Colleague: 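Okay, here's the structure, questions in a sec.
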Amino acid sequence: MFERPRPIGQLTAPDVDDFLGSLRAVFESRRLTNDGALVQQLEHRLAAFHDTRHCVALANAGIGITMLLQLFARGRRGEVIMPSFSYRGLPHFARWAGQEPRFCDVEEDSHALDPRTVEAAINSRTTAILAVCNCHSTGDIAGLCRAAERAGIPILFDSVDALGGTHRDRRLGGFGQAEVYSVHATKLLNGFEGGYITTNEDRLAALLRWQRNFCLAGFEPGGAGADEDLVLGVNAKLNEIHAAMALLSLDRLDETVNRNRARASAYRAMCDGLPGIQLVLSARGEALSNCARLVAELTLPWPLSRDQMVALLRAEGMPVAAYYHPLLHWSDALGDGPRQHLPVSEALARRFLQLPSGDLVSIGDIGSIGALLEFVAVNGGAIRSRLADAGVA
Amino acid sequence: MKHRQALAYFGGAPAFAQPLHVAQLNLPEWERIESRFRDIFRRHFFANNGPLVQALDVAFADYAGVEHAVSVTNGTLGLMILARALEISGEVIVPAFTFPATAQAVAWAGLTPVLADVLPASHMIAPKTVAPLLTRQTVGIIGVHVWGRPCDPDGLQAFAAERNLTLFYDACHAIGCTHRGRRIGGFGSGEVFSYHATQVLNAAEGGCITTNDPRLADRLRTMRNFSPGQTFASVPTRINGKMSEAQAALALLSLEDLPDNIAANCARHDWYAAGLAEIPGVDLVRYPDGEDSNFQYVVIEIDADRSGIDRDIVFDLLAAENVLCRRHFAPGLHQLPYFAARGAAARGNGYPVTDRLCATVMQLPTGGTLARSDVERICHLIRCIVGDAETIVARIGGRP
């Protein structure tokens, strides 16, 4: 259907001449990295955007989560509580920080960690709770923070998909000990690669700034807490070119979100006429998200399985992916331990797929996708048989 | 000769109006940068193993004379990925005289760094400094090609092979350098380079892992990302270590310019050698004859017994003149709280050579913007300082 692929990432880009203007200034300053002027400007603006005391810009979001887990472990080898129905990188970040993942079940509507399962999982080895705010729902942030506080365990939020969102009328950024965001090209803000941490904790921010630049001698944050020997340094610096791109993307954030919401509306209108497929846009009456990532849920009577839909759309030039599948506690890479049973996550695992979204998908494209889906709805039985014959169940 | 009273430290005007730095900061002409970035925007391909990263992997492997090059976010992440991809578990010998990232990467990979002292002439580890630290837990050695001089590849390779230890290298300083005519990149199980802006090849940030082992290369390419489509081996741990198209664009241009930039470094090094000749107690680190070097660092050792003045005094006097030197790698890693607290320095007989180097070594400004006249003025300043050492030291009371 599409000769040029219609991807699932935001892939927004500023005007090339605007970008080259910023790049030229970087070029002339000859300051390409090491806490340059644009990184500082980006941090300042993002802290204001999130209404937090600090923003620490980073090479990418994953290294940010890894740094936080290393700091929170305070030299111990323990466990990090995290959802299984989530981004495939999460357990790896724990491993790099010397921790093991401890998977917990999620809530059926928000797909976020269920505070009750978290409380049940907390034990003497727990070093942190890694919660995730999803693209359609932040989850029960207050409940999770209460559980963390009661147990005296740090909690951080992977808010990569929820940028711009709110929880109880407060903008995300300052919840838990810290939140982590991405400025990867496929995310709402495009900085080529990159990420950042927001926090209201002064000491944590100071340690993170020191940690991202190798914990260099002579640059110790000082102040309260004799904990500097617990911090393992790394190079997690964001460079100036990536910061320049992210800043221009931040300038256009509202426009980008508006375009995303127009795409979401088009998809929703399309789904309204198709039984068994619906767009997952919000839960519990939460405000509409940034709609950078658009996820559809398949239920009966939709004639094809999620995996069949993925295969079908890919063949038509849409490199879509199953949403959070396979479950992380099913991953072979995570050892031979006894398989946990996480009933809600397991029930969710095969129902969702990501739809083409972002700036390379036009409203017209969504019309074409709608026509394809109508065809599938009408001819589902025959298509299902042919896919099954081809080995796609 | 600039008289003592004229030194900026004592109130004179600084020799340089603008600060001079220890950093390469080589940049291609703007028009070439602009063209590459217009292409990126035209393709709308910004990250995730894009065409420029793929081209860079091929181009750098070709340059380094190795089978595989794997571009990554930065050199430290490259070291972390390599150390974990080697599938070893236990203690790894790490030099105490290196940038902290060498040992930090080993620790991030779940290995235990054990710090070794270095040799006074080479500034690097050797079988002699490694041997006393070996235990049954020792599984590997990471050599560092400090200043771009090869870290005893023959001796360490034989030593490691005899003991079934995995040898790998931090080659962040050593782009374009050779050992017995062979480019650094193919020694040990794998080597890691840095494309940081201060290095001779500039991608703002960036790095690269090289190896001749195809199985290891598959693991490295898998580990640097989380994409199911970029999975070439079964690995227990992955990370986002991806280089962006922006970084790769700059690196490719910088690779084109590398011979010219190295030639310019070489010339500057020669100017320094001439300008610093026969200053008592000031010894310039030389690069091996008959080998390629990138000359990206101009390193001197100041022997206070012969020069009559401590390195730190010279450092401060030069800083006042806007000559901003560096004191890599002081303090030694055995002094850093994280490693000291974990017994990384508990074995062996201390670090006398590392401690001495940390007190005597410093790097002088070099890089793309430094003119011959600048180098000559810096050398002249050092000659004046050492020539007047006794009075200067008397006046400032020994230490600044």
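Everything quoted here is computed from the prediction, not taken from an experiment. Throughout, protein chains are lettered first and strands after them, A, B, ... in sequence-line order, and every chain is numbered starting at 1.
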Colleague: Is there a donor-acceptor pair under 3.5 Å between the side chain of A:Asp229 and the backbone N or O of B:Tyr338?
Modeller: no

Colleague: Answer with side chain, backbone, both or neither: which region of A:Ile241 has an atom nearer than 4.5 Å to a non-hydrogen atom of chain B?
Modeller: side chain

Colleague: Would you mind checking which part of B:Phe45 comes under 4.5 Å of any heavy atom in chain A, side chain (CB onward), backbone (N, CA, C, O), both or neither?
Modeller: neither

Colleague: Against the six-membered ring of A:Trp96, is B:Arg238 placed for a cation-pi contact (under 6.0 Å from the centre, within 45° of the normal)?
Modeller: no

Colleague: Check each atom of A:Asn190 against the heavy atoms of chain B and say whether the ones under 4.5 Å are side chain, backbone, both or neither.
Modeller: side chain

Colleague: At what distance, to the nearest 0.5 angstrom, does CG of B:Asn74 lie from NZ of A:Lys237?
Modeller: 7.5 Å

Colleague: Could you have a look at A:Ile63, A:Val231, A:Leu23 and say which one has the most heavy-atom pairs with chain B under 4.5 angstrom?
Modeller: A:Leu23

Colleague: Is A:Leu216 close to chain B through its backbone or its side chain, or both, or neither, when contacts mean heavy atoms under 4.5 Å?
Modeller: side chain

Colleague: Please classify the contact of B:Ser234 with chain A as side chain, backbone, both or neither, using a heavy-atom distance under 4.5 Å.
Modeller: neither

Colleague: Counting only N and O atoms by type, is there a donor-acceptor contact under 3.5 Å from the side chain of B:Trp108 to the main-chain atoms of A:Gly233?
Modeller: yes

Colleague: Which atoms of A:Pro7 are under 4.5 Å from chain B, going by heavy atoms: the side chain, the backbone, both sets, or neither?
Modeller: neither

Colleague: With a 3.5 Å distance limit and no angle check, can you tell me whether B:Gln104 reaches the backbone of A:Phe214 through a side-chain donor-acceptor pair?
Modeller: yes

Colleague: Side chain from CB out, backbone as N, CA, C, O: work out which of these in B:Ile239 comes under 4.5 Å of a heavy atom of chain A, or both, or neither.
Modeller: both

Colleague: Using non-hydrogen atoms and a limit below 4.5 Å, what part of residues 320-327 of chain A faces chain B?
Modeller: none

Colleague: Before giving the answer on ring pair (Phe, Tyr, Trp, His ring centres under 6.0 Å), spell out for A:Phe93 and B:Phe226 the whole-Å C-alpha distance, their side-chain angles and the decisive distance to 0.1 Å.
Modeller: CA-CA 11 Å; A:Phe93 303 141; B:Phe226 290 110; 5.5 Å; yes

